[in-house]
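To start, the structure under review is shown below, and the notes come after it.
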Amino acid sequence: QVQLVESGGGLVQPGGSLRLSCAASGSIFRIYSMGWYRQAPGKQRELVATITEDSSTNYGDSVKGRFTISRDNAKNTVYLQMNSLKPDDTAVYYCNADISVPVWGQGTQVTVSS
């Protein structure tokens with residue numbers, strides 16, 4: 001089975017930065033894409049960013065220009081560099097991998113507050 005483990009969340013002040021990591025482990029033949037989604041209390045889970053195996057990226061409108069997604073295919077790891085963080089970015093961030101079926105991590109809390 002494939003498992004995803006997120007790390008890097010925490011408390012940061014507005015304008016600060018965090019870097020999230022998500023490592024996939026298990027029996028992996030191919031990961032078509034990986035991505036980050038987030039969910040704040042009372043809101044639907046929303047797209048943050050995705051990246052395909054050929055490094056094509058897609059970002060949610062609210063994070064464009066501030067967040068950067070990248071991946072290390074050899075390590076089956078995806079990263080999310082989060083800059084210029086705002087209080088509205090506060091959410092649980094979930095890692096996702098497409099291995100023909102979706103696999104989800106358990107999430108990591110990001111809190112942006114002064």
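Between the side chains of S17 and N83, a donor-acceptor pair is found at a separation under 3.5 Å. For the residue pair S33/R71, the side-chain donor-acceptor check at 3.5 Å is not satisfied.
The side-chain contact (heavy atoms from CB on, under 4.5 Å) check on K43 picks up A40, with sequence neighbours excluded. Scored by the salt bridge (Lys or Arg N to Asp or Glu O under 4.0 Å) test, D61 finds K64 as partners (sequence neighbours excluded). Every side-chain contact (heavy atoms from CB on, under 4.5 Å) that L11 has, sequence neighbours left out, goes to T111, S113. Every residue two or more places apart in sequence or in another chain that forms a side-chain contact (heavy atoms from CB on, under 4.5 Å) with V110 is listed here: L18, L20, M82, Y93, V112. With sequence neighbours left out, R19 forms a side-chain contact (heavy atoms from CB on, under 4.5 Å) with Y79, Q81.
Clustering ILVMFWY residues whenever any of their side-chain heavy atoms sit less than 4.5 angstrom apart, transitively, puts L47 in a cluster other than the one holding V78. Under a hydrophobic clustering in which Ile, Leu, Val, Met, Phe, Trp and Tyr are joined whenever their side-chain heavy atoms come within less than 4.5 Å, directly or via other members, I99 and Y94 fall into different clusters. In the hydrophobic clustering of ILVMFWY residues, with side-chain heavy atoms under 4.5 Å counting as a link, I31 and I69 come out together. A continuous path of Ile, Leu, Val, Met, Phe, Trp and Tyr side chains, each step under 4.5 Å between heavy atoms, connects M34 with V101, placing both in one hydrophobic cluster.
The ring-ring contact (aromatic ring centres under 6.0 Å, His included) pairs that include a residue from residues 30-62 are Y37-W104, where partners are two or more places apart or lie in different chains.
Between N73 and N76 there is no side-chain heavy-atom pair separated by less than 4.5 Å.
Minimum interatomic distance between I28 and A24 (heavy atoms only, all atoms of both residues): CD1-CB, 3.7 Å. Taking each heavy atom of A91 and R38 in turn, the nearest pair found is CB-CB, 3.8 Å. Considering every non-hydrogen atom in both L80 and A49, the closest pair reads CD1-CB, 4.3 Å. The two residues L4 and Q106 come nearest to each other via the heavy atoms O-OE1, 3.2 Å. For the residue pair V92 and G107, the shortest heavy atom distance occurs at CG1-CA, 3.8 Å. R66 approaches S84 most closely through the heavy-atom pair NH1-O, 3.0 Å.
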### Audit row: S56, D54, side chain to side chain donor-acceptor pair (under 3.5 Å) steps and yes/no
CA-CA 6 Å; S56 177; D54 65 353; 4.9 Å; no
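The main-chain N or O of K75 is found under 3.5 Å from a side-chain atom of T77 such that the two form a donor-acceptor pair. Q39 places no side-chain N or O within donor-acceptor distance of the main-chain N or O of Q44, the cut-off being under 3.5 Å.
We find the CD-OG distance between E46 and S62 to be 5.0 Å, quoted to the nearest 0.5 Å.
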